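Bear in mind the structure is a predicted one, so any value in this text is a computation, not a measurement.
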Amino acid sequence: MGRGRAKAKQTKVARELKYRTHETDLSALAAELHGGESRDEAEDHDEWSDIADQRRD
């Protein structure tokens, strides 16, 4: 017992992913796949790299 609820949720999520109608940002996807960083990711990376540098010393 209990498997039915989990399976129903998985089916619902899969159906939503299959039939959703909003546009995909292909340029952002291409940048992510090719290793490009967005501005937000670059800022986050710089913030954490400062902390990592301090730990190494």
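Rounding to the nearest 0.5 Å gives a distance of 8.5 Å between CG of Leu29 and NE2 of His34. To the nearest 0.5 angstrom, Gln10 atom CD is 5.5 Å from Arg3 atom CZ. Distance CG/Asp25 to CD/Glu32: 10.5 Å, rounded to 0.5 Å.
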